[in-house]
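Here is the naming used below: chain letters follow the sequence lines, and residue numbers restart at 1 for every chain. Both backbone and side-chain heavy atoms feed into the values below; hydrogens, waters and symmetry mates do not.
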2 protein chains.
Amino acid sequence: MSNSKLYKGSINTIILKLLNEHNKMYGYEITQKVKDLTKGELNITEGALYPALHKLEAEGLLDVEIAKVDNRLRKYYKLTENGTKETANKLEELADYIKTMQTLINPKLA
Amino acid sequence: MSNSKLYKGSINTIILKLLNEHNKMYGYEITQKVKDLTKGELNITEGALYPALHKLEAEGLLDVEIAKVDNRLRKYYKLTENGTKETANKLEELADYIKTMQTLINPKLA
DNA sequence: ATCTTATGCATAAGAAAATTATGTATATAT
DNA sequence: ATATATACATAATTTTCTTATGCATAAGAT
C-alpha cells in the first residue's frame, strides 16, 4: 500500500468514495484508479482490497454484478442505499480526523 | 481511542510530535494532553500507549528517565537525536497522507 | 473511617486490518 | 515461448488496537 502506517484503516473510505464518484467499478479497476490518481504514491494490494470488498458487501453497503469481458471475469461493485449513507459518514470521519490531527500537530492554532 | 478506524497507525506520530513540542512527558500526561487538546475527541488508552512507548524506546527514538513524585512513579520520555529526525519524517508522512487522501476524495482538484 | 475517583504504571487475551505469499486463469506483447 | 497485464481469491503471519485485568498511592467525598 505505502510505507506509511497512516493509511491503515483508510481503505473502506477510499473504496466507498471511489464508488460514489464512479457509480460502478471492479476490483482491479479500483487498484489502477488509486495508483493513477495518486501518481503511484498509494498501491492498494489485492490482499487488502478483496477481503475489504467482501466485507463491505456482507455488511450490505455494496451490491455485486458479475460480468464477463474478453472471456475474463469481472465483479462490478456499486453502492447500496446504505452504502451511500455510509460514504457520507466516512467522509465526515476523514474530515474530523484531519482536523483533530492538525490540532494535535499544530497547537498554535488550537 | 475513537470510534473511527482512521486513527490506526497514528499513535507514534502523535507521541513523537507531543514530545517534540514539550521536551519531556510521562505516559499519563500524554493521555491527558491529548484528551485536553482534542476536547475529548481522542482518548489514548493505556493498552495502546504503553506498548507504543516501549517500542519507540526499543527503537532508540526515546530515552527514559524515572522519577518519583508524591511517592508515585513517573517515567519521563524524551526524544533522542534519532527520535527528533523520525518526528520530522512522521510529520511529513502525515502531510503526504492528508494530501493524498484529499486527492482521492476531491478529484476535481487533482 | 470508608469508598470512589484520579494518578501512574504494566501486560495479556482477543479482534481487526494489513502484508506477504500463494494460487488459478486468460489476454497481450515481445 | 516467455513475460507482463488483467482479474479474481485466500491463507499464514504480522501489526496494531481494544478490552480486560492487575498493582499501587493520593485525594476527595460520604
Side-chain angles (χ1 to χ4, degrees), chain A residues 1-16 24-36 40 42-59 61-62 64-77 90 93-94 97 100-101, chain B residues 1-16 18 24-36 40-59 61-62 64-77 90 93 97 101:
Chain A
M1 209 164 174
S2 158
N3 60 319
S4 168
K5 293 175 199 164
L6 295 174
Y7 290 95
K8 274 179 189 293
S10 306
I11 196 171
N12 288 337
T13 305
I14 294 170
I15 291 171
L16 291 175
K24 84 180 185 182
M25 297 180 86
Y26 57 100
Y28 185 76
E29 187 184 10
I30 291 174
T31 66
Q32 298 309 302
K33 178 63 77 180
V34 168
K35 191 188 292 183
D36 186 47
L42 187 60
N43 287 298
I44 307 244
T45 56
E46 302 109 308
L49 178 69
Y50 292 114
L53 286 172
H54 300 160
K55 199 175 176 217
L56 289 170
E57 188 200 346
E59 289 168 354
L61 303 181
L62 300 184
V64 195
E65 180 198 322
I66 296 178
K68 202 158 192 176
V69 178
D70 289 333
N71 205 35
R72 271 198 244 90
L73 186 73
R74 278 185 192 172
K75 289 177 80 173
Y76 280 98
Y77 290 90
K90 292 289 186 194
E93 275 181 17
L94 178 61
Y97 168 81
T100 297
M101 288 301 283
Chain B
M1 207 165 174
S2 159
N3 59 321
S4 169
K5 293 174 199 164
L6 294 173
Y7 290 95
K8 263 185 191 298
S10 306
I11 197 171
N12 288 337
T13 305
I14 294 170
I15 291 171
L16 292 174
L18 285 181
K24 84 179 183 182
M25 298 181 86
Y26 55 100
Y28 185 76
E29 187 183 11
I30 292 175
T31 67
Q32 298 309 302
K33 179 62 79 181
V34 168
K35 192 188 291 183
D36 186 45
E41 246 268 329
L42 188 60
N43 287 298
I44 307 247
T45 57
E46 302 110 308
L49 178 69
Y50 292 115
L53 286 172
H54 300 160
K55 200 175 177 218
L56 289 170
E57 187 200 347
E59 289 169 353
L61 303 182
L62 301 184
V64 194
E65 180 197 322
I66 296 178
K68 202 158 192 176
V69 178
D70 289 333
N71 205 34
R72 272 197 243 92
L73 187 73
R74 279 186 192 171
K75 290 177 80 171
Y76 281 98
Y77 290 90
K90 292 288 187 194
E93 276 181 15
Y97 169 82
M101 288 301 282

Would one find a side-chain N or O of [X] under 4.0 angstrom from OP1 or OP2 of [N]?
X: A:Tyr50; N: D:dC8; answer: yes
X: B:Lys55; N: D:dT16; answer: yes
X: A:Lys75; N: D:dA9; answer: yes
X: A:Tyr26; N: D:dA7; answer: yes
X: A:His54; N: D:dT10; answer: yes
X: A:Asn71; N: C:dA25; answer: no
X: B:Tyr7; N: D:dC17; answer: no
X: B:Lys5; N: C:dA16; answer: no
X: B:Arg72; N: C:dT7; answer: no

Interatomic distance, [X] [atom1] vs [N] [atom2] [rounded to whole Å]:
X: A:Ile66; N: D:dA7; atom1: CD1; atom2: C1'; answer: 12 Å
X: B:Asp70; N: C:dC9; atom1: CG; atom2: P; answer: 13 Å
X: A:Leu73; N: C:dT24; atom1: CG; atom2: C1'; answer: 12 Å
X: B:Asn3; N: C:dA15; atom1: CG; atom2: C1'; answer: 17 Å
X: A:Tyr76; N: D:dC8; atom1: OH; atom2: P; answer: 9 Å
X: A:Leu42; N: C:dT19; atom1: CG; atom2: C1'; answer: 14 Å
X: B:Arg74; N: C:dG8; atom1: CZ; atom2: C1'; answer: 9 Å
X: B:Ile44; N: C:dG8; atom1: CD1; atom2: C1'; answer: 16 Å

Taking any heavy-atom pair under 4.0 Å as a contact, classify B:Glu29: base, sugar-phosphate, or nothing.
nothing
Per nearest nucleotide of DNA chain C, the residue lying toward the 5' end, A:Asn43 or B:Tyr77, is B:Tyr77
Both B:Gln32 and A:Gly9 contact DNA chain C. Which one's nearest nucleotide lies toward the 5' end?
B:Gln32
When you compare the side chain of A:Ile14 with that of A:Leu42, does any pair of heavy atoms fall below 4.5 Å?
yes
A:Gly27 or B:Thr45: which one's nearest nucleotide on DNA chain D is closer to the 5' end?
A:Gly27
Quick one: [atom1] on [X] to [atom2] on [Y], what's the gap to the nearest 0.5 Å?
X: B:Leu6; Y: A:Lys90; atom1: CG; atom2: NZ; answer: 7.0 Å
X: A:Leu56; Y: A:Leu61; atom1: CG; atom2: CG; answer: 5.5 Å
X: A:Lys75; Y: A:Leu53; atom1: NZ; atom2: CG; answer: 9.0 Å

Partner of A:Tyr97 by side chain to side chain donor-acceptor pair (under 3.5 Å), out of B:Ser2, B:Ser10, B:Ser4
B:Ser10
Nearest of C:dA10, D:dC17, D:dA9 to any side-chain atom of B:Lys8?
D:dC17
